[in-house]
Trainee: 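Below you will find the structure I want to go over with you.
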Amino acid sequence: MAEAAAALCIGAIADDLTGATDLALMLSRGGMRVKQVVGAPESDIDLQGADAVVVSLKSRTIPAEDAVGQSIAAAKALLDVGARQLFFKYCSTFDSTDDGNIGPVIEALLELLGEKRTLACPAFPTNKRTVYKGHLFVGDQLLSDSSMKDHPLTPMRDSNLVRVLARQMRLPVSLVPIETVRAGIDVLRAALQAIEGVAIVDALEDEDLRTIGAAAQTFRLVTGGSGVALGLPNNFGIERRCARTFALKAPHGRAVVLAGSCSAATRRQIQTALKSGMPGLKLDPLAIARGATAVEDAAAFALATPGNAIPIIYASDAPEAVAESQRVLGRERAGAVVEDFLSELSAELVERGFCRMIVAGGESSGAVIKGLGVRSLQVGPEIDPGVPWMQATSGGHAVALALKSGNFGADDIFMKAWEKLE
Ligand code: ADP
C-alpha cells in the first residue's frame with residue numbers, strides 16, 4: 001500500500017491514460033495538488049501532500065470483469081490512503097460497447113462503498129460535449145451522428161445515454177434534466193438524493209457542471225468526464241483562485257509524434273503537420289501483422305530525418321481502411337497490432353535520444369506508457385484543453401510526454417505543442 005496522503009480529498013480512477021491526464025489537469029486548475037499514477041498505487045509511490053490522486057488504468061475496452069477487478073483494486077488502494085470521495089472517470093464521448101465497462105464498474109464501486117446511488121455526466125462543454133435530455137452531443141451533432149460512430153474499438157451508435165448505460169447494468173438508470181440542474185444546488189441535491197441507481201445528468205455549460213459538482217458533495221462516488229470535476233475542488237475548501245501553474249523543465253533531445261488514434265481530429269492534425277513539411281511514416285497494420293514492417297524500420301525512419309525535424313509515425317487511417325484491417329485481422333487484433341508496435345517503438349526511440357514525445361490516442365497512449373515503463377507522471381503546462389505536457393522517467397531517461405485523447409487538440413497541435421516546453 002502507498003504511504004497515506006495527509007488529507008486526500010479525491011481518489012480518482014480513470015479508464016484510460018489520456019482521460020487520467022485530462023482529469024488531473026482539471027483538478028489542478030481547481031487548485032488541487034494532483035499526483036497521477038499508472039495502475040493502483042504501490043507502496044513505494046509517495047502520495048504525501050496530494051489533494052487528489054488519479055489512477056490511470058487501461059480498462060476501457062478490456063472484458064468487463066477485468067475492468068471491475070482493476071477498478072476495485074484501485075479503489076481499495078485509494079480508500080486505504082484516505083480518499084474521501086471516489087471519482088470514476090470515463091470518456092466525454094462515453095466510449096463503450098453494450099458489453100462495456102462503465103455500468104459494471106459503477107455498480108461494483110457502489111457496492112464496495114455500500115452506496116445506493118451516483119450520477120453519470122460525461123459533459124465537457126469546453127470540448128463541445130454536452131448532454132441534453134440524456135442525449136450526448138459532440139459539437140452540433142448527436143454522438144451517434146458524429147465520427148464516434150466509426151470508432152475502431154467503441155463505435156457509438158446510440159446517443160441516448162440512459163439507454164446506453166441501462167444496457168450495461170442491472171441498477172436502474174434515470175435522467176436528471178437540465179431544468180432540475182438550472183433550478184439550483186438545493187433542488188438538484190434533493191433530486192439526486194431521491195434517485196435509485198444511476199442518474200444521467202444534463203449539462204450544457206460550465207456553470208451547470210459547477211452546480212452538479214456542488215450538489216454531489218455528499219456522494220461518496222461521482223462518475224463522469226473530467227468536466228464534472230470542475231465543481232469538486234470547491235467542496236473541499238480548495239478555491240480556484242489558488243489554481244496551480246506548472247513549469248516543466250523538459251529534457252533536451254529529439255522530438256517525435258506517434259499516432260494510433262483514427263479520430264477525425266487526429267487525422268486532421270496529421271494532415272496539417274504533413275502539409276507543413278513534418279516528415280511522416282504511415283504504418284499499415286496488415287504489413288505489421290505479416291512481418292513486413294518492423295519496429296526497427298520505423299525507428300530507422302525517425303533517426304534518418306534531419307536532427308531538427310519532428311517525424312510523425314502514424315497508423316491513423318480513414319474508417320474504410322480501418323474496417324479493412326479489422327476485416328482481415330479482427331477488431332481486437334488490429335488494435336493490438338498497432339498498440340504493441342507503438343509501445344515497442346516508443347521505448348526504442350527513447351533509448352535513441354527521442355525524449356520529447358506526443359502520443360495521439362487514449363489506448364495508444366496507454367500502450368506507450370507501458371512500453372516506456374512509466375509509473376507516475378507530473379502534470380506540466382497545458383497545450384490545448386485537456387492536453388498537458390507531462391514529465392516522467394523511462395528506463396532512467398527523463399522524458400516529456402503529451403498524451404492526447406484522439407479527439408482533443410487544435411489542428412496545428414503537432415506543430416505548436418513544442419513551444420510550451422522550456
Ligand atoms: P482514440 O483516443 O481516438 O480513441 P485510441 O488510441 O484510444 O484512440 O484507439 C484507437 C485504436 O485504433 C487503437 O487500438 C489503435 O491500435 C487502433 N488503430 C490505429 N490505427 C488503426 C488502423 N489503421 N486499423 C485498425 N485499427 C487501428
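Small disclaimer: the values here were computed from a predicted structure and weren't measured. Order of appearance sets the numbers: ligands from 1, and atoms from 1 within every ligand.
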Trainee: Can a donor-acceptor pair be found between the side chains of T93 and D95 at a distance below 3.5 Å?
Mentor: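 Yes.
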
Trainee: Say whether, by atom type as modelled, one donor and one acceptor occur between the side chain of N101 and the main chain of R60 under 3.5 angstrom.
Mentor: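 It does hold such a pair.
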
Trainee: Could you list the atoms of ligand 1 found under 4.0 angstrom from a heavy atom of G406?
Mentor: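 Ligand 1 atoms under the 4.0 Å threshold to G406: 1 (P), 2 (O), 3 (O).
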
Trainee: Can a salt bridge be assigned to the pair E419 and K416 using a cut-off of 4.0 Å between side-chain N and carboxylate O?
Mentor: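 Looking at E419 and K416, the cut-off is not met.
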
Trainee: Select one of side chain, backbone, both or neither to describe which atoms of L153 lie under 4.0 Å from any atom of ligand 1, heavy atoms only.
Mentor: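 L153 to ligand 1: side-chain contact only, backbone stays beyond 4.0 Å.
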
Trainee: Please state which part of S325 comes within less than 4.0 Å of ligand 1, counting heavy atoms only: side chain, backbone, both or neither.
Mentor: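 Contact part for S325 vs ligand 1: side chain (C-beta onward).
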
Trainee: Where the closest heavy atom to atom 3 (O) of ligand 1 is concerned, which of A259, A264, G260, S261 has it?
Mentor: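 Nearest option to atom 3 (O) of ligand 1, by heavy atoms: S261.
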
Trainee: For Y90 and S96, which I'm curious about, is there any donor-acceptor pair between the side chains at under 3.5 Å?
Mentor: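 The answer is no; no qualifying pair exists.
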
Trainee: Examine the proximity of ligand 1 to P285 and report which part, side chain or backbone, both or neither, has a heavy atom under 4.0 Å away.
Mentor: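 Contact part for P285 vs ligand 1: side chain (C-beta onward).
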
Trainee: Could you find the nearest protein heavy atom to atom 16 (O) of ligand 1 and give me its residue, atom name and distance?
Mentor: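 Minimum-distance protein heavy atom for atom 16 (O) of ligand 1 reads G335 O, 2.8 Å.
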
Trainee: Quick test: of every protein heavy atom, which one is nearest to atom 7 (O) of ligand 1, and how far off is it to 0.1 Å?
Mentor: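 For atom 7 (O) of ligand 1, the nearest protein heavy atom is E363 N, 2.7 Å.
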
Trainee: Could you identify the single nearest non-hydrogen protein atom to atom 8 (O) of ligand 1 and state the distance to 0.1 Å?
Mentor: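 For atom 8 (O) of ligand 1, the nearest protein heavy atom comes out as G361 CA, 3.4 Å.
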
Trainee: Take T266 and K404 through the test side-chain hydrogen bond (donor to acceptor under 3.5 Å, both in side chains) and record every step on the way to the result.
Mentor: CA-CA 9 Å; T266 295; K404 190 189 83 66; 3.0 Å; yes

Trainee: Show every donor-acceptor pair shorter than 3.5 Å between a side-chain atom in residues 294-306 and any protein atom, with sequence neighbours excluded, or say none if there are none.
Mentor:
from : atom 1 : to   : atom 2 : distance (Å)
D297 : OD2    : A294 : N      : 2.7
T305 : OG1    : R254 : NH2    : 2.8
T305 : OG1    : A302 : O      : 2.6

Trainee: What protein heavy atom sits nearest atom 21 (C) of ligand 1, and how far off is it?
Mentor: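 Going by distance alone, atom 21 (C) of ligand 1 is nearest to C262 SG, 3.7 Å.
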
Trainee: Taking the side chain as every heavy atom from C-beta outward, state whether N234 and I238 have any atom pair closer than 4.5 Å.
Mentor: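 No - every pair of side-chain heavy atoms lies 4.5 Å or more apart.
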
Trainee: Under 4.0 Å, heavy atoms only, figure out whether ligand 1 is touched by the backbone of A315, its side chain, both or neither.
Mentor: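 A315 to ligand 1: contacts from backbone and side chain alike.
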
Trainee: Ignoring hydrogens, just give me the one of R333, E339, K58 whose non-hydrogen atom is nearest atom 13 (C) of ligand 1.
Mentor: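 Nearest heavy atom to atom 13 (C) of ligand 1 lies in E339.
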
Trainee: Which ligand 1 atoms, with their elements, are less than 4.0 angstrom from a heavy-atom of P152?
Mentor: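 Contacts of ligand 1 toward P152, numbered from 1: 12 (O).
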
Trainee: For the pair W418 and W389, name the ring-plane relationship: parallel under 30°, tilted 30 to 60°, perpendicular over 60°.
Mentor: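 Rings of W418 and W389: tilted, 30 to 60°.
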
Trainee: With a heavy-atom distance limit of 4.0 Å, tell me whether H151 approaches ligand 1 through its side chain, its backbone, both, or neither.
Mentor: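 Looking at H151 and ligand 1, just side chain atoms fall under 4.0 Å.
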
Trainee: Give the residue and atom name of whichever protein heavy atom lies nearest to atom 6 (O) of ligand 1, and the separation in Å to one decimal.
Mentor: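 For this ligand atom, the closest protein heavy atom is S364 OG, 2.6 Å.
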
Trainee: Applying side chain to side chain contact (heavy atoms under 4.5 Å, CB included) between F408 and each of D384, V387, L403, I413, report the one that passes.
Mentor: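 In the set D384, V387, L403, I413, the residue that makes a side chain to side chain contact (heavy atoms under 4.5 Å, CB included) with F408 is V387.
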
Trainee: Is it the case that Q36 and T21 place a side-chain donor and acceptor less than 3.5 Å from each other?
Mentor: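 Side chains of Q36 and T21: pair found under 3.5 Å.
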
Trainee: G362 heavy atoms, cut-off 4.0 Å: which ligand 1 atoms fall inside?
Mentor: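 That gives atoms 1 (P), 2 (O), 5 (P), 6 (O), 7 (O), 8 (O) of ligand 1.
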
